[in-house]
Amino acid sequence: MYDVIVAGAGPAGCVAAKRCAEKGLRTLLIERRRLPRDKVCSGMIVGRLAKAMVEEGFSELPRDIVLETLPGLTLWVPEAGQSTIRTSVAITWRRDLDFWMAKEALEKGVEVWDRSVVKGLASDGSRCSVVVEKQGATQELAARFVIGADGINSTIREFLFPELPATYTVAYRECYAGSLNLEQKTGHVVFPSGDYRPNFWILPKGDCFTLEGGLRVLRKEIGRILTPCGFQGGRPLWKDGCLSRVQLAGHPLPDAETSARGNVLFTGDSARLKIPVSGEGIGTALRSGILAADSIVESLASGRQVSDLYSKGLRPLLASLYSFSLDLEQIKTGARKGPQSLLDELMVAFEKTIEATGF
Ligand SMILES: Cc1cc2nc3c(=O)[nH]c(=O)nc-3n(C[C@H](O)[C@H](O)[C@H](O)COP(=O)(O)OP(=O)(O)OC[C@H]3O[C@@H](n4cnc5c(N)ncnc54)[C@H](O)[C@@H]3O)c2cc1C
């Protein structure tokens with residue numbers, strides 16, 4: 001019998017598990033893949049929330065996992081120009097970042113099972129039964145609480161909300177050797193379609209760089225925009241892709257109802273907590289993981305329902321995400337007025353998310 005079983009060893013799961021173990025709870029962290037594992041992501045720690053949450057949940061980022069710290073993020077609407085937001089952007093590979101977090105959890109006494117998949121979940125509101133396939137063998141475990149931290153394509157969410165079908169969009173990533181000759185030595189987000197989407201990101205990654213986003217539909221535009229910067233196209237060193245955004249039927253935005261059910265709490269991407277404009281989700285994953293652990297501890301001490309405590313704690317974050325989603329509407333309005341208005345609205349919205357804190 002575990003106190004807490006956490007599904008998924010990304011930022012949300014690692015921080016939640018670590019915090020539960022620190023409070024003396026018997027905690028199991030289950031990860032489907034072999035650790036260390038990579039994740040399709042720019043790996044940027046950008047914005048005040050993300051930095052604050054890394055430090056609150058763990059400590060300062062170790063130097064050896066930061067490839068470099070960029071001086072900002074440049075938004076680029078080719079027909080209008082570029083604008084740079086000055087902020088520090090730590091660039092990491094998620095393989096290294098998440099493995100550091102998993103090791104920190106392990107050190108605090110979390111039992112970590114990798115190559116193990118949550119295959120089933122039943123909950124009667126006070127006790128959960130979790131079916132796990134560990135390296136080929138199936139077993140049934142009991143826990144007082146379960147934390148779903150199993151990412152965008154969450155199976156825990158499917159078990160608990162079978163009535164809510166999900167639809168997804170896909171993002172692609174390609175890695176090329178060398179670097180581009182860009183005006184600004186920052187991360188770049190390029191909006192070549194006269195609208196917010198599709199867009200693509202350019203990130204330096206040590207001795208290579210990645211392109212990410214709607215690469216398939218933007219192939220021609222990428223060639224046109226980046227050839228003057230020294231991009232030669234051709235075969236990337238490697239490429240991959242992942243599900244990137246999820247829509248739940250009847251729940252267009254993340255809400256309290258789909259963030260918890262009984263004694264099962266959803267965190268990070270499994271609760272759809274990515275920031276709408278920038279697509280960042282590491283900071284919000286960490287924030288929700290911390291909240292989930294703290295809600296469990298408080299529920300055990302007070303006897304209050306954990307889902308109520310967690311939903312209450314999440315309220316400011318959900319309100320901020322709602323407000324950012326309205327900015328997305330402003331950006332679309334800007335796009336209709338022309339490229340310069342699109343760039344202006346993008347700047348306002350990105351600056352707001354980067355400065356945001358306190359949820
Ligand atoms: C192209 C792209 C670029 C991005 N760039 C950034 C960025 O630069 N900065 C930023 O802040 N955010 C970025 N994001 C968002 C960020 O990647 C996510 O929001 C973040 O990873 C969410 O963390 P998480 O812990 O909720 O989930 P994840 O990091 O996805 O971790 C979930 C884990 O659960 C495991 N799992 C899944 N199912 C099971 C199961 N049944 N049993 C056991 N384990 C399971 C998975 O293997 C995975 O390891 C980007 C996203 C995309 C798509």
Side-chain angles (χ1 to χ4, degrees), residues 1-39 41 43-45 49-67 69 90-118 128 130 132 134-135 139 141-151 156 265-270 281-301 306 310 313:
M1 176 79 174
Y2 289 92
D3 293 312
V4 186
I5 291 181
V6 182
C14 291
V15 80
K18 171 177 177 276
R19 209 156 167 108
C20 288
E22 279 170 340
K23 302 287 177 178
L25 302 178
R26 188 173 178 221
T27 307
L28 173 64
L29 176 61
I30 299 175
E31 167 56 45
R32 182 210 307 259
R33 303 197 20 217
R34 181 195 291 270
L35 295 176
R37 65 101 179 88
D38 197 19
K39 151 95 179 70
C41 180
M44 290 184 298
I45 305 293
L49 174 78
K51 283 184 201 109
M53 289 303 117
V54 170
E55 280 164 27
E56 185 176 335
F58 299 92
S59 56
E60 221 174 283
L61 280 174
R63 283 197 183 169
D64 60 338
I65 66 170
V66 178
L67 294 164
T69 302
I91 299 284
T92 67
W93 288 115
R94 286 290 299 276
R95 158 185 281 264
D96 302 329
L97 177 70
D98 294 19
F99 195 43
W100 167 62
M101 293 180 179
K103 284 190 294 192
E104 292 274 309
L106 187 70
E107 253 174 45
K108 295 292 173 196
V110 174
E111 217 177 301
V112 181
W113 293 1
D114 66 351
R115 287 176 293 154
S116 302
V117 189
V118 176
C128 302
V130 183
V132 181
K134 185 184 184 191
Q135 295 160 21
Q139 49 192 303
L141 307 171
R144 297 162 88 176
F145 303 93
V146 166
I147 296 179
D150 54 341
I156 303 285
L265 309 178
F266 294 89
T267 55
D269 276 5
S270 77
I282 296 173
T284 50
L286 292 169
R287 178 77 190 110
S288 57
I290 290 170
L291 264 176
D294 291 355
S295 303
I296 289 173
V297 172
E298 196 181 334
S299 167
L300 287 169
V306 71
Y310 183 58

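The distance from atom CD of E31 to atom SG of C14, rounded to the nearest 0.5 Å, is 8.0 Å. For the atom pair CG of L265 and OG of S295, the computed distance is 6.5 Å after rounding to the nearest 0.5 Å. Note that the CD1 atom of I156 and the CD1 atom of I30 stand 8.0 Å from one another [nearest 0.5 Å]. Atoms CZ and OG, on R34 and S116 in that order, are 11.0 Å from each other to the nearest 0.5 Å. Between the OG1 atom in T69 and the CE atom in M44 there is a gap of 13.0 Å [rounded to 0.5 Å]. Atom CG of residue L106 and atom CG of residue L29 lie 9.0 Å apart, to the nearest 0.5 angstrom.
The number of heavy atoms from other shown groups lying within 6.0 Å of NZ (K23) does not exceed 12.
Listed by first then second residue, pairs satisfying salt bridge (charged side-chain N to carboxylate O under 4.0 Å, His left out) with a partner in residues 105-114 read R26-E111, not counting sequence neighbours. Contacts classified as salt bridge (charged side-chain N to carboxylate O under 4.0 Å, His left out) and involving residues 8-18 (residues at least two apart or in different chains) are given here: K18-E22.
The shortest non-hydrogen separation linking C20 to T27 is CB-OG1, 3.4 Å. Residues A142 and I5 approach most closely at O-CD1, 4.3 Å, considering heavy atoms. Of all the heavy atoms in A102 and L35, the pair that sits closest is CB-CD1, 4.3 Å. Minimum interatomic distance between C41 and I282 (heavy atoms only, all atoms of both residues): SG-CD1, 4.3 Å. Closest approach of D150 and S270 over heavy atoms only: OD1-CB, 3.7 Å.
In this structure, the side chains of M53 and P11 stay at 4.5 Å or more apart for every pair of heavy atoms. Using a 4.5 Å cut-off on side-chain heavy atoms (C-beta onward), F266 and S288 make no contact. A 4.5 Å side-chain heavy-atom check between L286 and M101 finds at least one atom pair inside the cut-off. Between F99 and D38, the closest side-chain pair of non-hydrogen atoms is not below 4.5 Å. When side chains are defined from C-beta on, R95 does not count as touching R37, because their heavy atoms never get closer than 4.5 Å. Inter-residue side-chain proximity for L25 and V297 is flagged as met; some heavy-atom pair is nearer than 4.5 Å. Contact annotation: the side chain of V146 never approaches that of V4 to less than 4.5 Å [non-hydrogen atoms, C-beta and beyond].
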Can I get a per-line list of side-chain donor-acceptor pairs under 3.5 Å for residues 56-67, giving both atom names and the distance, sequence neighbours left out?
none

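Listed for the T267 side chain is a donor-acceptor partner under 3.5 Å among the backbone atoms of G148.
Salt bridge status for D98 with K39: absent, with no side-chain N to carboxylate O gap under 4.0 Å.
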Report task. Take T284 and D269 through the side chain to side chain contact (heavy atoms under 4.5 Å, CB included) test and state the conclusion after the steps. Result -> CA-CA 9 Å; T284 50; D269 276 5; over 6 Å; no
Requested in this report: Determine, step by step, whether V15 and E104 satisfy the side chain to side chain contact (heavy atoms under 4.5 Å, CB included) criterion, reporting the C-alpha distance in whole Å, the side-chain angles of both residues, the deciding distance to 0.1 Å, and the verdict.
Outcome: CA-CA 9 Å; V15 80; E104 292 274 309; over 6 Å; no
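Considering only residues two or more places apart in sequence or on other chains, V117 meets the side chain to side chain contact (heavy atoms under 4.5 Å, CB included) condition with R32, K119. Under the side chain to side chain contact (heavy atoms under 4.5 Å, CB included) criterion, S299 pairs with F145, V306, L309, sequence neighbours left out. Residues satisfying the side chain to side chain contact (heavy atoms under 4.5 Å, CB included) criterion with A16, sequence neighbours excluded, are I147.
Of the residues V110, L141, V112, V6, the one that meets the side-chain contact (heavy atoms from CB on, under 4.5 Å) test with L28 is L141.
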